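For clarity, every value in this text was computed on a predicted model and none was experimentally measured. In what follows, chains are A, B, ... by sequence order, proteins preceding strands, each numbered from 1.
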There are 2 protein chains.
Amino acid sequence: MTTDAGPPRPVTRIQREKQEVILEAALDVFSQFGFRGSTIDQIAEAAGMSKPNLLYYFKSKEDIHAPLLERILDIWLDPLREMNDDGDPLAEIRSYIRRKLEMSRDFPRESRLFANEMLRGAPGFYEILHTDLKDLVDEKARLIKGWMAEGRLAVTDPYHLIFSIWATTQHYADFDIQVRAVLGPDRGGEGRFDDAARFLDQLFLSGLSPKKKA
Amino acid sequence: MTTDAGPPRPVTRIQREKQEVILEAALDVFSQFGFRGSTIDQIAEAAGMSKPNLLYYFKSKEDIHAPLLERILDIWLDPLREMNDDGDPLAEIRSYIRRKLEMSRDFPRESRLFANEMLRGAPGFYEILHTDLKDLVDEKARLIKGWMAEGRLAVTDPYHLIFSIWATTQHYADFDIQVRAVLGPDRGGEGRFDDAARFLDQLFLSGLSPKKKA
DNA sequence: ATTTTTTTTGACCGATTGGAAAAATTCTAG
DNA sequence: CTAGAATTTTTCCAATCGGTCAAAAAAAAT
């Protein structure tokens with residue numbers, strides 16, 4: 001009982017690799033059909049292995065889902081954490097929007113998995129939402145409120161401002177099919193994220209009011 | 001073969017009622033778990049009847065789901081249809097936002113069902129998206145573009161403007177759990193929709209730039 | 001009151017679900 | 001090479017899935 005000689009060596013090289021393959025496949029499946037709509041067989045096939053083999057690495061469906069959610073929330077909030085008092089408030093917010101939009105472009109499956117979880121009421125996730133997440137948003141809301149008090153930003157509700165950034169950016173991942181269907185083949189190509197970035201820049205900077213005629 | 005004496009009387013009073021009960025229950029279930037994640041037993045229990053009894057009114061799971069989707073898309077696009085050239089462009093857009101936000105408040109399940117369908121790629125729905133929906137959006141985009149050309153609205157991408165309205169308003173239905181978790185018990189009460197309406201008014205009207213000091 | 005139609009129920013079906021057990025295989029260290 | 005551990009496959013299971021069917025019950029029509 002001195003050197004803690006328990007079983008501390010469960011991490012082989014092949015284990016790490018296969019676990020990564022499984023999580024990757026599970027992300028594909030879960031992000032489309034949600035937790036309940038996805039099957040282990042589906043994930044196993046996407047991962048190129050048999051179901052019992054998959055269950056050798058993750059002992060249950062939940063055990064695959066949970067780490068995905070944790071990882072995603074962490075990545076997801078990174079851009080918000082980086083918003084600080086360094087530069088111009090408008091530039092900070094603009095930068096936050098841009099980073100969030102890039103994440104919707106580069107990690108759409110992660111966004112959809114998160115959305116799926118929200119839609120079903122985020123069971124077993126609700127704790128983190130109104131502790132960790134709420135704390136972070138509260139902190140950034142105070143930061144934004146400070147900017148407003150200094151007259152460096154129009155006075156509005158900082159919480160709903162953050163919501164609107166989440167909503168507008170994630171929309172391009174979660175409702176991708178709709179976006180591309182509406183834009184059509186010409187406008188809906190890869191350039192749609194650049195168009196979105198330009199539009200959002202203007203929206204959050206100055207809104208829709210026309211410039212006064214000189 | 002003269003008077004077409006087929007079976008043209010399948011609509012009894014009790015049939016209409018039970019069908020309504022079933023669709024109501026199905027909306028509850030489908031909006032949470034999506035099509036694949038929902039079970040007929042679940043819907044039957046929510047509707048207060050046995051599974052075979054439910055299948056007496058709708059002969060398959062898809063037959064319950066399809067009419068829900070059709071009905072929802074129709075209701076969902078109504079506010080957009082009503083946007084026309086009657087009054088001030090900014091007032092028209094403001095009114096559209098308000099109506100859309102009210103729908104997220106009053107019909108959150110419908111919004112979530114729609115979101116669920118988008119997340120899984122809208123199979124058997126894609127047709128309508130880039131015919132009916134695209135046509136409507138194209139028409140309204142032209143209307144908006146006209147306003148911009150007349151200098152009555154800031155010049156931006158009208159498609160992404162519409163997307164941003166969809167995103168910001170539906171967010172309060174689809175991510176309701178997150179919104180309430182972040183806002184907390186005090187700010188997250190019934191008043192959150194009024195706060196959202198005020199914020200969105202300002203965002204779309206004039207953005208976040210601070211007013212110039214006099 | 002009785003016939004006919006509509007509605008509901010109970011029993012059941014094959015396929016799929018999440019998961020267990022154990023044998024068979026492959027890998028790795030000595 | 002060979003023992004031991006790690007990995008994979010085969011087989012299997014009880015529960016649940018979407019859905020059928022015939023019989024019972026309830027309404028409606030006569």
Between the main-chain N or O of B:M83 and the side-chain N or O of B:K140, is there a donor-acceptor pair closer than 3.5 Å?
-> yes
Measure the distance from [atom1] on [X] to [atom2] on [N] and round it to the nearest whole Å.
X: B:Y56; N: C:dG10; atom1: OH; atom2: P; result: 17 Å
X: B:L54; N: C:dG10; atom1: CG; atom2: C1'; result: 16 Å
X: B:Q19; N: C:dT6; atom1: CD; atom2: P; result: 14 Å
X: A:N53; N: C:dA22; atom1: CG; atom2: P; result: 18 Å

N/O donor to acceptor pairs below 3.5 angstrom from side-chain atoms of residues 18-26 of chain A, sequence neighbours left out:
residue	atom	partner	partner atom	Å
A:E20	OE2	A:R71	NH1	3.4
A:E24	OE2	A:R109	NH1	2.9
A:E24	OE2	A:R109	NH2	3.1

Value for NZ (B:K100) from CG (B:L80), rounded to nearest 0.5 Å, stands at 9.0 Å
For D:dT8, does either OP1 or OP2 sit under 4.0 Å from a side-chain N or O belonging to A:S50?
-> no
Under-4.0 Å side-chain N/O to phosphate OP1/OP2 contact, B:Y57 with C:dT8 | yes
Taking only Lys NZ, Arg NE, NH1 and NH2, and the carboxylate oxygens of Asp or Glu, determine whether A:D106 and A:R99 approach each other closer than 4.0 Å.
-> no
Taking NZ, NE, NH1 and NH2 as the nitrogens, is one of them in A:D201 or A:R94 under 4.0 Å from a carboxylate oxygen of the other?
-> yes
Can you list the residues that meet the side-chain contact (heavy atoms from CB on, under 4.5 Å) rule with B:D86, with sequence neighbours excluded?
-> B:N84, B:E92
Just list the side-chain donor-acceptor pairs under 3.5 Å for residues 42-54 of chain A, sequence neighbours left out, or say none.
residue	atom	partner	partner atom	Å
A:Q42	OE1	A:T39	N	3.2
A:Q42	OE1	B:R36	NH2	3.4
A:S50	OG	A:N53	N	3.4

Contact state string [nucleotides 15-21 of chain C, B base, S sugar-phosphate only, - no protein heavy atom under 4.0 Å] = --SBBBB
The helix from C:dA1-D:dT30 to C:dG30-D:dC1: angle between end helix axes, five pairs per end, rounded to 10 degrees = 10°
Listed once per pair and sorted, the ring pair (Phe, Tyr, Trp, His ring centres under 6.0 Å) pairs that draw on residues 22-41 of chain A, sequence neighbours left out = A:F30-A:F35, A:F30-A:H65, A:F35-A:H65
